[in-house]
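Worksheet for the structure shown next.
What you see is a predicted model, and the numbers here were worked out from it, not measured in a lab. Order of the sequence lines sets the chain letters (A, B, ...), proteins ahead of strands, with each chain counted from 1.
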Amino acid sequence: MPLDLTLDLGTPAHLGRTVSVLLPLAVDGPYTYKVPAGMELAPGDIVRVPLGPREMIGAVWDDPVDPSVGHNRLRAVLHHYDSPPIDPSLRRFVDWVANYTLSQRGMVLRMVLRAPDALEPERAVAALRVTGKTPDRVTPSRQRVLDALAGGEPMPKSAVAAFAAVSSSVVNGLLEQGALEAVPLPPPPLTLPPEPDFARPTFDPGQDDAAKLLRASVDEETFSVTLIDGVTGSGKTEVYFEALAETLRMGKQALVLLPEIALTVDFLDRFARRFGHRPAEWHSEMPPRMRERVWRGVATGAVQAVVGARSALFLPFQKLGLVVVDEEHDTAYKQEEGVIYNARDMAVVRGHIGGFPVVLASATPSIESRVNADQGRYRRILLTARYAAAKLPEITPVDLRIDTPERGQFLAPSLVKAIEETIANKGQALLFLNRRGYAPLTLCRSCGHRFQCPNCSTWLVDHRFRGQLVCHHCGHNERRPDQCPVCDAEDSLVACGPGVERVAEEVATRFPDARRIVLSSDLLGGVKKMREEFDAIRNGAADIIIGTQLVAKGHNFPLLALVGVVDADLGLAHGDPRAAERTFQLLAQVTGRAGRAGGDSRALLQTYAPEHPVIAAIASGDREAFYAREIESRRIAVLPPFGRLAGIIISAADRATSYGYAMALRRTAPESGPVMVLGPSEAPLAVLRGRHRFRLLVQAPRSVDLQAFLRTWLAEAPAVRGSLRVQVDIDPQSFL
DNA sequence: AGGGGATATTAC
DNA sequence: TAATATCCCCTA
């Protein structure tokens with residue numbers, strides 16, 4: 001039989017249709033796939049495709065198909081999921097974020113497709129009901145099971161077992177005998193719809209104006225950013241809930257972002273008190289099943305309100321109408337691994353692309369947001385009064401040069417006195433020290449040896465409770481020895497400086513009868529224990545709380561009458577350009593814990609530098625003075641002219657900061673030549689300059705001899721070396 | 001030669 | 001990302 005030579009695979013007429021599919025991989029562009037006959041695909045559709053030896057879920061993307069891939073290499077789409085497509089604004093957002101953060105589009109898509117099983121039809125919950133058939137033997141436990149189901153209503157297996165107080169094997173036995181049968185039960189609704197008018201609060205005039213403004217911005221149905229700048233306890237949450245209510249009334253979805261640590265039951269309950277039901281949650285600790293359900297609910301529009309951590313920003317909302325970023329200054333919004341982004345900034349971008357309002361809220365706004373508000377890019381709402389009867393605490397600096405603690409102790413006499421008075425008045429006292437462990441440094445009195453991390457250039461922190469010396473930078477730990485490893489002297493090791501454990505020790509000696517609780521992220525017992533501790537504090541089962549920055553965030557202490565900051569200067573000496581801002585925020589947040597439920601309260605700041613602008617601003621309550629000064633000192637965003645720049649050396653105290661610099665450079669000097677500044681882990685060269693380590697973040701085509709290039713460049717670029725104080729992110733929204 | 005470990009490449 | 005290819009060092 002002659003071959004059929006009319007079949008010519010090389011002509012377009014026989015090639016069939018193709019689509020671009022973006023896959024959740026570290027690739028920047030989509031791959032091309034054949035569309036099988038009978039399948040209709042449009043951009044945004046979610047598909048399953050073959051990739052090498054495996055299968056993968058991806059999304060049809062807007063890029064034109066790449067004609068350079070030989071048609072013989074193309075494989076066909078396997079399946080088109082019956083799921084709402086990723087809408088155009090989310091697709092644009094993915095592309096935008098990838099471009100801005102210098103990461104591959106596939107990696108950003110991966111954040112959207114975080115719950116792949118959500119695409120499979122939801123499995124019904126298996127429930128049991130009685131068949132009427134009698135088992136061969138009716139034991140008392142079996143009878144209890146039958147009684148439990150006697151009403152005829154099917155019940156999930158675990159519920160039956162629990163209700164009848166039997167083990168699941170008893171239930172299984174009845175199932176085998178045919179006395180019970182399994183029936184599929186539709187899963188209960190994930191969340192009940194929040195009711196915008198469930199419990200409308202009464203506002204004072206300031207709050208009422210703020211709420212009106214927010215409602216109006218929602219009604220505009222267009223992009224805007226509003227910064228709610230309100231002191232702790234001014235009712236920010238209740239005010240932005242009004243924007244949320246308005247969004248819900250318009251039939252749109254709303255997202256509230258919180259720093260992971262603030263995602264507590266407290267907040268969900270607060271939401272429920274205002275809207276009648278808890279919102280859907282989204283964060284890293286969620287069980288996979290729940291995750292899938294939320295993802296699907298958001299995609300179909302069944303879920304109207306989500307409260308989540310930063311990754312919730314990438315959920316496939318069907319009709320998103322509002323994003324609120326609460327505690328917008330919080331550094332937890334910065335993702336430091338994989339795709340490096342700041343969710344606060346990306347929320348603004350998502351609002352811009354989607355054409356809806358974004359609300360940023362904080363008692364201590366970031367410098368970036370303040371600058372944007374000052375320059376008129378953001379609207380600003382100021383809430384200066386505390387809610388109801390609550391008064392701000394009276395804040396006093398304690399000058400440690402005058403009011404000196406006893407040798408080997410860390411609490412100044414005036415702070416000790418304040419604690420005594422507080423306890424005598426049945427109030428609670430919080431001692432805040434942002435340092436875990438017992439002491440930050442251990443040294444040998446006889447030879448001067450200091451315990452240092454073998455991997456990092458940091459001291460090992462004495463964790464006496466655990467009997468270890470720990471590096472807080474890389475996690476390295478070793479047993480705390482009894483004698484000096486260098487000179488073998490016995491009993492010569494001394495702990496220098498305080499950590500929370502040491503403060504707790506001092507408190508135990510001074511106030512033996514006071515009930516103490518130490519709160520630190522590294523204490524044994526985990527989340528459950530921690531929750532119990534917080535409950536105990538709320539119930540008044542503690543007199544003195546000693547804690548790290550854990551206590552500054554998310555939790556309320558209604559009985560708190562005194563806050564003592566053990567070392568208010570801690571952090572101010574850091575080389576980090578944001579050191580002052582961070583310290584200001586932390587001190588404001590921790591002192592703001594006091595007196596929120598009413599009554600007089602005070603805060604004492606132990607310091608060696610009462611005149612330092614940050615300490616002075618906190619003590620006087622003059623926030624404006626701090627902001628004005630800090631904004632001025634950061635106005636250095638002047639970069640040297642780059643011309644044929646290949647890369648830049650960046651002060652890399654933390655990776656995300658250096659990455660931010662890199663991004664700013666890219667935006668400031670887009671013409672910087674063939675070599676692109678990039679993060680994160682590539683460090684082909686490290687230079688030491690003074691005590692700071694600089695990391696070079698450069699990516700170059702393989703053809704470039706980087707080492708040689710950099711040697712030349714460093715020799716020729718003293719101007720660049722001398723201008724390392726580059727400040728960025730002061731204007732993250734310059735793209736708008 | 002061949003195993004094991006680290007590192008680079010590739011997938012439509 | 002995950003599977004696979006490549007390279008390098010080492011032992012036998």
Side-chain angles (χ1 to χ4, degrees), chain A residues 9-12 14-81 85-86 91 94-95 97-99 101-120 284 288 291-292 295 311 314 316 335-341 455 474 675-676 678-686 696-707:
Chain A
L9 290 169
T11 60
H14 297 284
L15 293 177
R17 299 168 300 156
T18 53
V19 268
S20 289
V21 177
L22 187 61
L23 294 167
L25 298 170
V27 288
D28 197 45
Y31 286 162
T32 308
Y33 283 88
K34 290 192 270 200
V35 185
M39 192 185 281
E40 288 305 321
L41 291 175
D45 286 347
I46 300 178
V47 293
R48 190 174 60 222
V49 296
L51 184 78
R54 62 217 158 101
E55 294 179 3
M56 197 166 246
I57 289 170
V60 177
W61 222 245
D62 306 78
D63 304 38
V65 292
D66 175 4
S68 72
V69 184
H71 283 87
N72 52 345
R73 288 173 62 205
L74 296 186
R75 300 168 77 183
V77 173
L78 296 168
H79 182 68
H80 175 194
Y81 286 97
I86 295 174
R91 299 201 301 275
V94 167
D95 288 346
V97 171
N99 180 50
T101 62
L102 309 174
S103 40
Q104 296 99 331
R105 285 191 281 167
M107 292 305 279
V108 181
L109 178 68
R110 206 159 73 87
M111 302 196 289
V112 176
L113 301 176
R114 260 296 152 79
D117 291 339
L119 297 161
E120 307 298 339
S284 59
R291 231 181 146 70
E292 291 152 23
W295 197 92
S311 59
F314 292 90
Q335 170 131 77
E336 315 230 5
E337 283 188 347
V339 178
I340 296 173
Y341 66 95
N455 316 316
C474 72
V675 184
M676 192 168 72
L678 194 82
S681 61
E682 301 80 3
L685 193 74
L696 193 63
L697 304 168
V698 179
Q699 191 182 54
R702 226 172 288 281
S703 56
V704 173
D705 178 353
L706 256 189
Q707 296 286 339

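- For the pair R75(A) CZ and dA11(B) C1', the computed distance is 9 Å after rounding to whole Å.
- Look at CD on E55(A): it is 14 Å from C1' on dA11(B), rounded to the nearest Å.
- Residue V60(A) forms a side-chain contact (heavy atoms from CB on, under 4.5 Å) with just one option from L22(A), V47(A), V35(A), and that option is V47(A).
- Note on M107(A): only backbone sugar-phosphate atoms sit closer than 4.0 angstrom, heavy atoms only; bases stay farther off.
- R48(A) places no side-chain N or O within 3.5 Å of a backbone atom of G58(A) that could act as its donor or acceptor partner.
- In this structure, L22(A) places its CG atom 13 Å from C1' of dT1(C), rounding to the nearest Å.
- D63(A) has its CG atom 18 Å from the P atom of dC12(B), to the nearest Å.
- We find that CZ of R105(A) is positioned 18 Å from C1' of dT1(C), with the value rounded to whole Å.
- The main-chain N or O of L23(A) is never found under 3.5 Å from a side-chain atom of W61(A) such that the two would form a donor-acceptor pair.
- Residue-level contact check: L25(A) touches the bases, meaning some heavy atom is under 4.0 Å from a base atom.
- The CZ atom of R110(A) sits 20 Å away from the P atom of dA11(B) (whole-angstrom rounding).
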Are M39(A) and D45(A) close enough, and set up right, to give a side-chain contact (heavy atoms from CB on, under 4.5 Å), and what steps lead you there?
CA-CA 11 Å; M39(A) 192 185 281; D45(A) 286 347; over 6 Å; no
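- Under 4.0 angstrom from either OP1 or OP2 of dA2(C) there lies no side-chain N or O belonging to R54(A).
- Atom CD in Q104(A) sits roughly 14 Å away from atom C1' in dT10(B) (whole-Å rounding).
- The CE atom of M56(A) sits 7 Å away from the P atom of dA2(C) (whole-angstrom rounding).
- Heavy atoms of P50(A) sit under 4.0 angstrom from primed sugar atoms or phosphate atoms, though from no base atom.
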